[in-house]
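The block underneath contains the structure these notes are about, expressed in structure tokens.
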Amino acid sequence: MKHFLSVVLFGAAVVALVSAAGTEGEISFEYHRYEELRKALVSVWLQCPTITRIYTIGESFEGRELLVLEMSDNPGTHEPGEPEFKYIANMHGNEAVGRELLIYLAQYLCNQYQQGNETIIDLIHNTRIHLMPSMNPDGFEKAASQPGEIKDWFVGRSNAQGVDLNRNFPDLDRIIYINEREGGANNHLLQNMKKAVDENTKLAPETKAVIHWIMDIPFVLSANLHGGDVVANYPYDETRTGSTHEYSASPDDVMFKSLAKAYSIYNPVMSDPQRPPCRKNDDDSSFKDGITNGGAWYSVPGGMQDFNYLSSNCFEITLELSCDKFPNEDTLKTYWEQNRNSLVNYIEQVHRGVKGFVRDLQGNPISNATISVDGIEHDITTAKDGDYWRLLAPGNYKVAASAPGYLTVIKKVAVSYSPATRVDFELESLMERKEEEREELMDWWKMMSETLNF
Amino acid sequence: MASKSVSLFVLFQLLALNVVIQTSAFPTPTASADDKTVYNRQLTEERPVQEQIAEADSVKAAVQSAESKRPTASKDTESQQDLDDLTVLKSLADGQKSKEATVVPLKKEDQFVPDESDSTKSRRLAEDYDSTKNGMDYGKYQDDPESFRQVDGTPLTAEDIVQKIANKIYEEDDRGVFDRIVSKLLKLGLITDSQADTLEYQVAEALQDLISKNAKNNEIEDIESNDQETRREEDEQGSDANADTWEPPRSRYNEDEEDEEGDGDEIEDEVDRDVEEDGGDTADDTWDKDTEEGNEVRPEDGLQDLQYFPNFYRLLRSLDSDQNTQERETLITIMKTLIDFVKMMVKYGTITPEEGVSYLENLDAMIAMQTKNKLGKSLGPPDFSGPNGKNLDEDDNTKAEAAKMQKEYENLKDSTKEEQPSTETNQPGKSETYLEAIRKNIEWLKKHSKEEGKDDYDLSKLKDFMDQQVDSYIEKGIIAKDEGDTIKRIYSSL
């Protein structure tokens with residue numbers, strides 16, 4: 001029996017060595033087709049069922065589930081005050097690195113959580129992290145089915161209908177530019193969002209699914225993973241004048257730069273000032289410290305990044321992670337190592353700025369209240385429990401909370417880099433104020449009448 | 001990705017080769033049995049049905065010898081069915097009592113008790129069969145008909161109960177005995193429904209043993225054994241419960257073997273039997289009926305066992321002529337021994353079920369190769385049991401069913417053709433990955449509860465939660481039905 005044991009052990013050891021198609025601890029670095037992706041997510045869930053949950057936001061055109069793995073200490077529920085974060089990858093089906101990185105990230109977070117990594121444990125306990133490895137599984141299959149190592153620059157990019165998903169979102173940039181000139185709302189620009197989406201025949205099923213997802217969950221911070229270059233790109237993507245290259249700053253330009261840098265700084269390739277461009281004739285003049293403004297690089301209308309910012313409270317940036325859109329499988333481990341720290345650090349950025357609750361004087365939460373910051377022409381709103389998270393770079397700010405029927409309250413806040421500063425608001429409704437005034441009047445009248453003997 | 005699986009396969013070949021060489025020096029029953037007793041202790045501790053711990057073995061042995069030595073009491077004193085059933089249970093008290101006195105002479109027998117099931121029972125029942133030897137001192141316990149405890153207050157072990165029930169049923173040739181006893185136990189809350197099922201398996205197997213021992217050429221279709229086979233999937237108690245489903249069909253085959261091998265090998269037989277059923281069923285747990293791993297070890301009857309080694313089977317067939325009978329029998333024995341061995345390894349946790357499975361799978365392939373090399377004849381196309389592996393076309397309705405389910409699964413899978421190649425090569429690994437993931441979770445839970453100072457995490461609550469989640473995921477299309485079943489089965493076998 002002992003012999004058998006030793007033989008088995010030896011065999012197992014050799015097997016382990018052989019199966020090192022690149023492994024870091026327990027992660028195996030290889031491409032995942034749809035079934036394998038599904039299996040990988042299920043395995044993470046089986047390993048960490050108390051902190052993960054798999055759900056689907058809908059189906060692709062060819063019927064593949066758009067799977068999301070959620071990680072939090074209470075998966076499935078929004079805990080009041082807990083910020084929501086998402087990573088979406090592979091919206092261009094042939095840009096494969098992001099898809100794989102998110103699978104590895106899921107495995108990594110689960111493993112680290114169980115191994116007692118304090119940073120990861122804190123992150124998972126205090127954030128609700130959503131990972132969607134592939135927004136375009138149909139495109140990926142097309143791209144992956146190409147024979148040979150070299151994959152075409154375009155095959156598999158669009159969805160099964162031939163739609164480029166990153167041009168398919170309602171173009172809210174145009175509206176904001178008009179509003180900037182002529183006045184109008186500076187946030188939540190898609191009126192009657194649900195109706196607009198459901199009745200829009202031009203939207204691909206994947207786009208629709210993501211828009212509904214954005215409407216349902218009060219995301220605070222997000223990133224969109226691509227390939228074909230190496231840079232962290234931030235809003236706005238579409239130029240104001242319509243030219244092909246023009247720096248198009250958003251009201252939160254300072255914060256976005258900070259967010260983009262928070263990613264690039266831990267990616268040695270992205271932040272390398274000496275890095276040559278991916279292709280000889282590429283124009284990377286807009287890249288600085290591994291980041292770039294979208295419009296300055298090249299104009300993109302109808303993109304998901306700007307849609308997030310202009311239709312919801314979510315700040316999103318675009319991460320380009322590899323010169324090669326669909327590189328060789330044995331490079332995946334290297335990409336993971338280059339991006340692992342960035343990926344984790346970027347999630348932590350959600351815990352910045354100011355956050356808190358907006359309630360009425362009885363303590364009831366006021367949802368959809370407006371949080372505005374003096375000097376920044378972009379407001380955000382409170383979620384169902386009256387909770388809000390306003391990402392801000394360090395500095396002194398005047399933050400105002402307002403809601404229809406309530407009196408606005410303004411507070412002065414000093415914001416540090418991290419963690420977020422807690423600022424709660426108790427709003428007095430107009431009715432209450434009227435009541436107060438009426439009572440004051442009555443008191444005065446009583447006093448007068450007593451004094452003057454009415 | 002392809003190269004990896006090829007090299008893996010090669011490795012397993014080597015491994016198989018290694019092991020085949022090793023197992024030619026198969027340990028003797030006595031030597032291994034010692035280990036088994038030790039292992040047995042651990043198993044009995046884990047099994048929820050068991051209430052006694054290590055003493056169960058010596059107690060069992062004590063019971064059997066005690067009863068064999070006991071002065072016979074006549075059956076005629078029993079007038080009421082109720083009393084009968086109860087006394088069946090209570091009679092164990094006597095056995096327990098004499099434990100002390102008979103420990104020493106029983107040491108030897110002890111060694112041949114690998115675990116609580118089967119071999120012990122078969123041995124005991126052989127001696128119990130003598131109807132004059134019921135050894136029940138009715139008078140003593142008549143005052144307390146409802147007691148299920150022994151004289152010294154310790155509760156009866158399940159094995160004892162099984163023994164006695166089987167005895168009773170055999171003597172009275174009435175299955176109702178079992179129902180009565182079990183409903184009583186259930187009413188008293190001494191056992192749960194699932195334990196009642198387990199009990200049923202165990203009694204049936206004990207009964208089958210009885211029958212086979214005493215009527216060697218008997219081919220009676222026991223109702224219970226049929227039920228067992230159809231209910232095979234309902235194992236929950238791990239190797240313990242699963243052991244039973246193997247016993248009836250196996251013993252039928254082993255009757256033939258026993259004729260050949262004689263009493264001296266009887267022990268080894270029982271050992272083999274135990275090991276085979278336990279290990280096989282543990283392996284079963286981790287496998288889908290959907291032939292993801294290949295239906296290697298299905299307990300139909302003894303020989304059909306081997307049909308899932310198609311190459312081996314072909315080899316046997318090629319030796320079908322009379323002059324090769326001896327060789328044939330030897331080969332069969334060797335193969336069975338190997339299978340039993342692997343199952344035993346799996347059962348005792350020495351290797352993981354998937355390792356056992358892989359080994360067995362590759363063993364068959366090895367046989368094909370070796371046959372070709374050594375005997376210079378081909379056994380037909382090499383048969384590597386993958387998910388779509390071609391198993392022999394035996395008259396087996398479980399295989400037809402498995403093929404049906406495989407088709408279902410194929411339909412559930414994404415219809416895009418491009419996926420097929422890579423998916424298929426990964427399917428055998430899928431339940432392994434899941435098993436690995438679940439195991440990691442359980443390990444972490446155990447460690448976590450310890451650190452937090454809580455009591456052991458609530459396994460049943462976790463099981464319920466996981467079942468619920470799995471169902472909801474199947475509904476949403478996140479998990480395929482067969483995967484969900486695998487996961488549920490893995491959890492229920494914990």
Side-chain angles (χ1 to χ4, degrees), chain A residues 1-12 14-15 17-21 26 28 30-36 38-50 53-56 59 62-65 67-68 75-76 107 110-111 113-116 137-138 141-142 144-146 160 329, chain B residues 1 3-4 7-8 10-12 14-16 18-19 21-23 25 27 31-32 35 341 344-345 350-352 355 359 413-419 422-423 426-427 429-430 433-441 443-445 447-448 451 462 465-466 469 473 476-480 483 487 490:
Chain A
M1 197 181 297
K2 288 234 167 76
H3 277 295
F4 183 91
L5 252 179
S6 60
V7 167
V8 170
L9 283 173
F10 173 74
V14 183
V15 167
L17 278 175
V18 168
S19 67
E26 299 110 322
S28 150
E30 51 200 7
Y31 275 116
H32 294 72
R33 300 289 284 264
Y34 177 71
E35 278 301 310
E36 292 152 338
R38 197 175 56 78
K39 180 182 89 172
L41 294 184
V42 172
S43 300
V44 173
W45 170 66
L46 286 174
Q47 189 185 334
C48 292
T50 49
R53 182 180 79 104
I54 304 179
Y55 63 96
T56 162
E59 286 183 4
E62 286 177 351
R64 295 181 175 86
E65 296 295 341
L67 295 170
V68 179
Q107 293 169 343
C110 170
N111 291 338
Y113 185 90
Q114 291 189 332
Q115 287 165 27
D138 300 347
E141 292 304 316
K142 213 181 249 157
S145 317
Q146 292 171 87
E329 190 174 66
Chain B
M1 289 179 247
S3 58
K4 194 170 52 150
S7 52
L8 262 178
V10 166
L11 234 113
F12 275 122
L14 288 170
L15 184 59
N18 269 327
V19 181
I21 295 168
Q22 295 291 354
T23 51
S32 57
D35 297 342
F341 192 55
M344 186 171 65
M345 294 278 101
T350 311
I351 60 177
T352 65
E355 280 170 347
Y359 169 65
K413 273 186 351 183
D414 192 302
S415 56
T416 314
K417 290 191 188 65
E418 289 133 356
E419 292 172 54
S422 60
T423 336
N426 272 319
Q427 265 180 35
K430 196 187 327 211
T433 325
Y434 288 174
L435 188 65
E436 199 46 47
I438 292 174
R439 193 179 296 134
K440 282 192 188 152
N441 178 35
E443 272 172 37
W444 177 77
L445 277 174
K447 202 176 84 172
H448 195 67
E451 283 169 5
L462 178 67
F465 170 71
M466 292 306 285
Q469 288 289 81
Y473 282 6
K476 296 195 180 124
I478 296 170
I479 296 185
E483 291 178 318
I487 295 168
I490 293 174

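Order of the sequence lines sets the chain letters (A, B, ...), proteins ahead of strands, with each chain counted from 1.
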> What distance separates A:W45 CH2 from B:I487 CD1, expressed to the nearest 0.5 Å?
Replying inline: 5.5 Å
> Measuring heavy-atom distances to chain B, does A:E65 have an atom under 4.5 Å in its side chain, in its backbone, in both, or in neither?
Replying inline: side chain
> In a check of side-chain contact (heavy atoms from CB on, under 4.5 Å) between B:T433 and each of A:E36, A:Q47, A:K39, which one passes?
Replying inline: A:K39
>> If the condition is side chain to side chain contact (heavy atoms under 4.5 Å, CB included), which residues does B:E443 pass it with, not counting sequence neighbours?
In response: B:R439
> Which region of A:I54, side chain (C-beta onward) or backbone (N, CA, C, O), has a non-hydrogen atom less than 4.5 Å from a non-hydrogen atom of chain B, or is it both or neither?
Replying inline: both
> Tell me, do B:E483 and A:V42 make a side-chain contact under 4.5 Å, heavy atoms counted?
Replying inline: no
> Any idea which heavy atoms bring B:A437 and A:S43 closest together, and the distance?
Replying inline: CB-O, 3.2 Å
> Got a second to check how far B:K447's NZ is from A:Q115's CD, nearest 0.5 Å?
Replying inline: 7.5 Å
>> Could you work out, with side-chain hydrogen bond (donor to acceptor under 3.5 Å, both in side chains) as the rule, every residue matching A:Y55, not counting sequence neighbours?
In response: A:H130, A:W213
>> For a quick test of reading the model, state the closest non-hydrogen atom pair linking B:N441 to A:Q114 and the distance between them.
In response: CA-NE2, 4.0 Å
> Just how far is it from atom CG of B:L462 to atom OG1 of A:T50, taken to the nearest 0.5 Å?
Replying inline: 8.5 Å
>> Testing the basics here: between A:L67 and B:I478, what is the closest heavy-atom pair and its distance to 0.1 Å?
In response: CD2-CG1, 3.9 Å
> Is there a side-chain contact between B:M466 and A:L46, using heavy atoms and a 4.5 Å cut-off?
Replying inline: yes
